[in-house]
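I have placed the structure first, in the form of C-alpha cells, so that the comments after it can refer back to it.
Quick caveat: nothing in here was measured; it's all calculated off a predicted structure.
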Amino acid sequence: QVQLVESGGGLVQPGGSLRLSCAASGSIFSIYAMGWYRQAPGKQRELVATFTSGSSTNYADSVKGRFTISRDYAKNTVYLQMNSLKPEDTAVYYCKAERVSSGTIFYYWGQGTQVTVSS
C-alpha cells in the first residue's frame, strides 16, 4: 500500500553535492520510519541514513557530517542532501519505508537512483 519513487541521482565530481528525493504515496499515514540505503557494485546493500518516529536520525559512520536526511510532510517526501561527495559514495541509492500492521513490519523499496562520483 506504499509506493516510493526516488529521483535526483546523477553524475557529480568529487567534492560536489547532490540532493535525492523520495516521494511516498499510498498508506503514508502508517509509515513509522523511512530511510536511504545504497548498494555499490560487488557489495551488499547498506544503510545510509534513517528518519524514524520521534524525529530521531541515524547515519552510517561513513557519511556523518556530509549527508543530511530531512522530510517535507506537506509533500510526503524525504530528502537526502549529499555534500562533499567522494568516489566511494558511488552506488545505487534506494529509499526504504517501514510500515506496521497487526504487529507485522512491512518493508517497501523504491526503484533506486544511480549516484556516480567521478572526475
Side-chain angles (χ1 to χ4, degrees):
Q1 295 183 6
V2 176
Q3 295 80 44
L4 305 173
V5 179
E6 304 103 328
S7 62
L11 174 64
V12 296
Q13 295 184 353
S17 298
L18 204 61
R19 193 186 197 192
L20 306 183
S21 299
C22 174
S25 61
S27 301
I28 57 176
F29 58 87
S30 63
I31 298 175
Y32 75 90
M34 293 188 69
W36 291 93
Y37 290 70
R38 68 185 181 186
Q39 186 167 19
K43 295 185 178 181
Q44 298 295 114
R45 189 171 299 184
E46 64 177 354
L47 181 148
V48 177
T50 60
F51 205 3
T52 63
S53 61
S55 299
S56 61
T57 57
N58 183 38
Y59 295 92
D61 290 340
S62 60
V63 306
K64 287 182 178 178
R66 299 189 298 119
F67 291 8
T68 303
I69 187 171
S70 62
R71 58 189 176 187
D72 186 331
Y73 288 104
K75 296 182 178 180
N76 299 320
T77 301
V78 176
Y79 304 95
L80 183 67
Q81 180 64 47
M82 310 164 68
N83 298 325
S84 302
L85 285 164
K86 305 174 181 179
E88 49 263 44
D89 294 319
T90 296
V92 177
Y93 284 71
Y94 297 90
C95 181
K96 176 189 175 184
E98 297 182 11
R99 173 178 176 266
V100 293
S101 179
S102 300
T104 302
I105 301 176
F106 296 88
Y107 301 95
Y108 303 89
W109 295 90
Q111 82 285 355
T113 183
Q114 177 70 49
V115 172
T116 302
V117 184
S118 176
S119 59

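- Contact record, Gly10 with Leu18: N-CD2, 3.8 Å, taken as the closest heavy-atom pair.
- With sequence neighbours excluded, no residue forms a side-chain hydrogen bond (donor to acceptor under 3.5 Å, both in side chains) with Ser7.
- Pairs engaging residues 44-75 under the disulfide bond (SG atoms under 2.5 Å apart) rule: none recorded [sequence neighbours left out].
- A salt bridge (charged side-chain N to carboxylate O under 4.0 Å, His left out) check over residues 97-119, counting only residues at least two apart or in different chains, returns the pairs Lys96-Glu98.
- With sequence neighbours excluded, the residues forming a side chain to side chain contact (heavy atoms under 4.5 Å, CB included) with Ser17 are Gln81, Asn83, listed by chain and number.
- Rounded to the nearest 0.5 angstrom, Met34 CE and Leu80 CG are separated by 11.5 Å.
- Note that CD of Gln3 is 8.0 Å distant from OG of Ser27, once rounded to the nearest 0.5 Å.
- Counting only residues at least two apart or in different chains, ring pair (Phe, Tyr, Trp, His ring centres under 6.0 Å) contacts with residues 49-76 are absent.
- Of the residues Thr90, Val12, Val63, the one that meets the side-chain contact (heavy atoms from CB on, under 4.5 Å) test with Leu85 is Val12.
- Under the salt bridge (charged side-chain N to carboxylate O under 4.0 Å, His left out) criterion, no residue pair touches residues 9-22, with sequence neighbours excluded.
- Sequence neighbours left out, the pairs with a member in residues 60-69 that pass side-chain hydrogen bond (donor to acceptor under 3.5 Å, both in side chains) are Arg38-Ser62, Asp61-Lys64, Arg66-Asp89.
- A ring pair (Phe, Tyr, Trp, His ring centres under 6.0 Å) check over residues 82-119, counting only residues at least two apart or in different chains, returns the pairs Tyr37-Trp109.
- Here disulfide bond (SG atoms under 2.5 Å apart) pairs that include residues 4-74, with residues two or more places apart or in two chains, are Cys22-Cys95.
- Val2 approaches Ala97 most closely through the heavy-atom pair CG1-CB, 4.4 Å.
- Sorted by first and then second residue, the disulfide bond (SG atoms under 2.5 Å apart) pairs with a member in residues 37-69 form an empty list; sequence neighbours excluded.
- Taking the side chain to side chain contact (heavy atoms under 4.5 Å, CB included) definition, one finds that Asn58 meets it with Leu47, Thr50, sequence neighbours left out.
- Summarising the local packing, CD of Gln13 is surrounded by 12 or fewer heavy atoms from other residues, nucleotides or ligands at distances under 6.0 Å.
- Note that the CG atom of Asn76 and the CD1 atom of Ile28 stand 3.0 Å from one another [nearest 0.5 Å].
- For the residue pair Ser21 and Thr77, the shortest heavy atom distance occurs at CB-CG2, 4.2 Å.
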Any chance you could lay out the side chain to side chain contact (heavy atoms under 4.5 Å, CB included) test for Glu6 and Leu20, step after step, and finish with the verdict? CA-CA 7 Å; Glu6 304 103 328; Leu20 306 183; over 6 Å; no
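- Between the Gln111 side chain and the Val5 main chain, no donor and acceptor come within less than 3.5 Å of each other.
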Please table the atom pairs, donor to acceptor, closer than 3.5 Å between any side-chain atom in residues 112-119 and protein atoms at least two apart or in another chain.
{"residue": "Thr113", "atom": "OG1", "partner": "Gly9", "partner atom": "N", "Å": "3.2"}
{"residue": "Gln114", "atom": "NE2", "partner": "Ala91", "partner atom": "O", "Å": "3.4"}
{"residue": "Gln114", "atom": "NE2", "partner": "Thr116", "partner atom": "OG1", "Å": "3.3"}

